[in-house]
Amino acid sequence: MIRTRFAPSPTGYLHVGGARTALFNWLYARHHGGVFVLRIEDTDAERSTDESTQIILDSMKWLGLDWDEGPFYQSQRTDLYKKTAERMLEENKAYYCFCTPETLTEKREKAQAEKKAFRYDGTCADIPLEEARKRIAAGEKAVVRFRKLEGETIVDDQVLGPVKFDSSVLDDFIILRSDGSPIYNFCVVCDDMDMKITHVIRGEDHLSNTPKQVMLYKALGYPMPHFAHISMILGPDKKKLSKRHGAVSVLSFKDEGYLPESFRNYLALLGWAFDDKTEFFSKDDLIEKFSLEHVSKNPAVFDYKKCSWMNGQYISKTEPEKLLECITPLLEADRINISAKPLSWWMETLNVEKQRAFYLNDLVKSFHYYLDDSIAIEPQAKEKHLTAKKSLELLRKFLVLLEKVEPYTQENLENAFKELMEVESIKFGEIVHPVRVALSGKTVGPGIFELFLCMGKDMSIKRIKDALGQ
RNA sequence: GGCCCUAUCGUCUAACGGUUAGGACGCUAGAUUCUCAAUCUAGUAAUACGGGUUCGAUUCCCGUUGGGGCUACCA
């Protein structure tokens, strides 16, 4: 049975990189009919917050990444870590260290000044356990250090292949703080073992930690999980993607009007590809086709343009019923009254407007010009099409014809335009632009007849009158 | 500084020793007797560099350079 896990630390929102890690773990588990575990790594009491945990949970739900077990909280599992550490102490695989943070910092700075790598010098490595216990009983503070293994450690990575680390680059690292709380590298091993994780899929920033963990597995006599490290996600400047680059939290994409399925699709394409042409994948496609073999090794730059293009593609392919459901809260937030129009009108208008929307918010904006009492005309649009005397004159004449259109159909609207074009001997383009700007306040939008039909006769007349200042 | 990962169009990527190096985003141009940021069509653009191995290297090996990561009583 394949078991994967996503183990974020709740020190902020869930960002793009974390989301992709979660996605790959989830996909791998689902593809193999395995189990996906969620574990919150909150052993850093200083930085972990409940709000962050909630945001992470919300983000995952939005992306549709459902977990089978958890969320487990490391802060509630200290017994496991303490017992394991105690066992290691007894077996002489770990030892108490009384060096103070101050002396350690001093030594580290000195090493840095000499441009040497700092490694713990083993000052306390030979203190007998009994003596150490007496000193602790007497009130001294001590951390627990792991006695590192000698020789070469090989991480057989599922994405990168075998990666060698020499023992000399590591030192006797701390597994328990002086207050008895456990350190990340130690918890991970205890938990992954306890939760029977078979595949550890995580960001490449954890690759350097892996030899430490491999040593712990060996020392503890635990079976080794498979490791798979996926490359970092970069910003346009090729630096690790961060706040500096703009929106990076998953929820901000939600707020910007992304559909979770499109965002998930784009995320999957960052570091993974199925073949040389397919790029649209439904949830089921992703589950069926995902494999670690097709994960690429090199870092990927997050392309906001392609991401929004993909969102636009999804929006235009989405059924209007579904779209209305998605934007209902947004409409309400914008005080647009949904019951002001029949459902059929919403469906028709959504089908028209979805064609060129990139974000759900674009859709919401478009409903303002259909439904608001009055609209603001974009300055540039007004300048270009509603300022020249001739434009206004034509618009005035068109209004007269429009009022007589009955019944209000595309054919009759076309005839109204034709009549004006003949009488004034003008081209379609000369009248269509002023009309469009009058109706919507914008220079771009749906076809003019679609716009008229969705807007309705009364509102169309009102918009033109408003534009003429009547 | 030390250690580790990595290198195909500007970007995401396909090719797993033999292809006119493919697709997508972007960009440019044309089309749409109505707009465009939509749509359609066309075009632009890449194997970082230097050595090997091989009949043959994008592909395998080594080095250089570039990019990234780690180097805490953070995760």
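Below, chain A is the first sequence line, B the second, and so on; all start at residue 1.
Picking from B/G68, B/A24, B/C4 the nucleotide with the shortest atom distance to the side chain of A/L234 gives B/G68. The side chain of A/A300 has B/U13 as its nearest neighbour among B/U13, B/C25, B/C3. When distances run from any side-chain atom of A/V163 to the nucleotides B/C5, B/A24, B/U11, the shortest one goes to B/C5. For A/K238, the listed nucleotide lying nearest its side chain is B/U11; candidates were B/G2, B/U11, B/U6.
Taking atom P in both B/C9 and B/G23, one finds a spacing of 16 Å when rounded to whole Å. Rounded to whole Å, the P atom of B/U58 lies 14 Å from the corresponding atom of B/C16. Here the separation of B/U44 from B/C27, taken at their C1' atoms, is 8 Å to the nearest Å. Spacing of P atoms, B/C40 relative to B/C55, comes out at 49 Å, to the nearest Å. For B/A14 and B/A48, the P atoms lie 15 Å apart once the distance is rounded to whole Å. For the P atoms, the distance linking B/U41 with B/U59 amounts to 34 Å, nearest Å. Taking atom P on both B/G10 and B/U20, the two are 23 Å apart, rounded to the nearest angstrom. For the P atoms, the distance linking B/A15 with B/U53 amounts to 28 Å, nearest Å.
A salt bridge is defined here as a Lys NZ or Arg NE, NH1 or NH2 lying under 4.0 Å from an Asp or Glu carboxylate O, and A/R39 with A/D192 meets this definition. A salt bridge is absent between A/E261 and A/K317: the closest approach of a Lys/Arg side-chain nitrogen to an acidic carboxylate oxygen does not fall below 4.0 angstrom.
Atom pair A/E279:CD and B/G23:P shows a separation of 12 Å (rounding to whole Å applied). Atom-to-atom, NZ of A/K110 to C1' of B/G1 comes out at 17 Å; the value is rounded to the nearest Å. Per the geometry, CZ belonging to A/F302 stands 23 Å off P belonging to B/G67, to the nearest Å. The interatomic distance linking A/K297 (NZ) with B/A7 (P) rounds to 6 Å, in whole Å. Rounding to whole angstrom units, CG of residue A/N298 and P of B/G66 are separated by 18 Å.
Under the Watson-Crick and G-U wobble criteria, each requiring two contacts below 3.5 Å, nucleotide B/A21 is left unpaired. Pairing for B/C60 is with B/G52, a Watson-Crick or G-U wobble pair whose two hydrogen-bonding atom distances lie under 3.5 Å. With a cut-off of 3.5 Å on both pairing distances, the Watson-Crick or G-U wobble partner of B/A42 is B/U28. Using Watson-Crick or G-U wobble geometry with both donor-acceptor distances under 3.5 Å, B/U8 finds no partner in any strand shown. Using Watson-Crick or G-U wobble geometry with both donor-acceptor distances under 3.5 Å, B/U33 finds no partner in any strand shown. The partner of B/U47 is absent, by the rule that a Watson-Crick or G-U pair needs both atom distances under 3.5 Å. Using N1 to N3 plus N6-O4 or O6-N4 for Watson-Crick, or N1-O2 and O6-N3 for G-U wobble, each under 3.5 Å, B/A14 pairs with nothing.
Side-chain contact of A/N209 with A/Y184: a donor-acceptor pair under 3.5 Å is absent, judged by distance alone.
Among the protein residues, A/K115 comes within range of the sugar-phosphate backbone only, with heavy atoms under 4.0 Å from sugar or phosphate atoms but none that close to a base. When heavy atoms are screened at a 4.0 angstrom cut-off, A/T11 is found touching no nucleic acid atom at all.
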Going by atom type alone, with no hydrogens or angles, which donor-acceptor pairs under 3.5 Å involve a side-chain atom of residues 266-274 of chain A and a protein atom two or more places apart or on another chain?
unit_1, atom_1, unit_2, atom_2, d
A/Y266, OH, A/D303, N, 2.8
A/Y266, OH, A/D303, O, 3.4

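The shortest heavy-atom contact between A/M459 and A/Y370 is CE-O, 3.6 Å. Taking every heavy atom of both residues into account, A/F227 and A/M224 meet most closely at CE1-CG, 4.2 Å. A/V214 and A/V155 make their closest contact through CG2-CG2, 4.1 Å (heavy atoms, listed as atom of the first residue, atom of the second, distance).
A/N311 places a side-chain N or O within donor-acceptor distance of the main-chain N or O of A/L259, the cut-off being under 3.5 Å. Under the 3.5 Å distance criterion, the side-chain polar atoms of A/T387 are matched with a main-chain donor or acceptor of A/K382.
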* **Full working for salt bridge (Lys or Arg N to Asp or Glu O under 4.0 Å) between A/R133 and A/E86** => CA-CA 12 Å; A/R133 287 202 202 282; A/E86 188 56 36; 2.8 Å; yes
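The side-chain tip of A/R20 points at the ring of A/F24 from less than 6.0 angstrom away and within 45° of straight on. Under the 6.0 Å distance and 45° angle rule, A/R135 counts as a cation-pi partner of A/F98.
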* With the sugar-phosphate defined as primed atoms, P, OP1 and OP2, and the base as all remaining atoms, what B/S/- string results for nucleotides 69-75 of chain B, 5' to 3', for protein heavy atoms under 4.0 Å? -> BS-SBBB
* To do: Going 5' to 3' through nucleotides 30-43 of chain B, assign each nucleotide B (protein heavy atom under 4.0 Å from a base atom), S (under 4.0 Å only from sugar-phosphate atoms) or - (no protein heavy atom that close).
  => ----BBBBSS----
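Position along RNA chain B of the nearest nucleotide to A/V169 versus A/H294 favours A/V169 as the more 5'-ward residue. Nearer the 5' end of RNA chain B, as judged by each residue's closest nucleotide, is the contact made by A/A117, out of A/V301 and A/A117.
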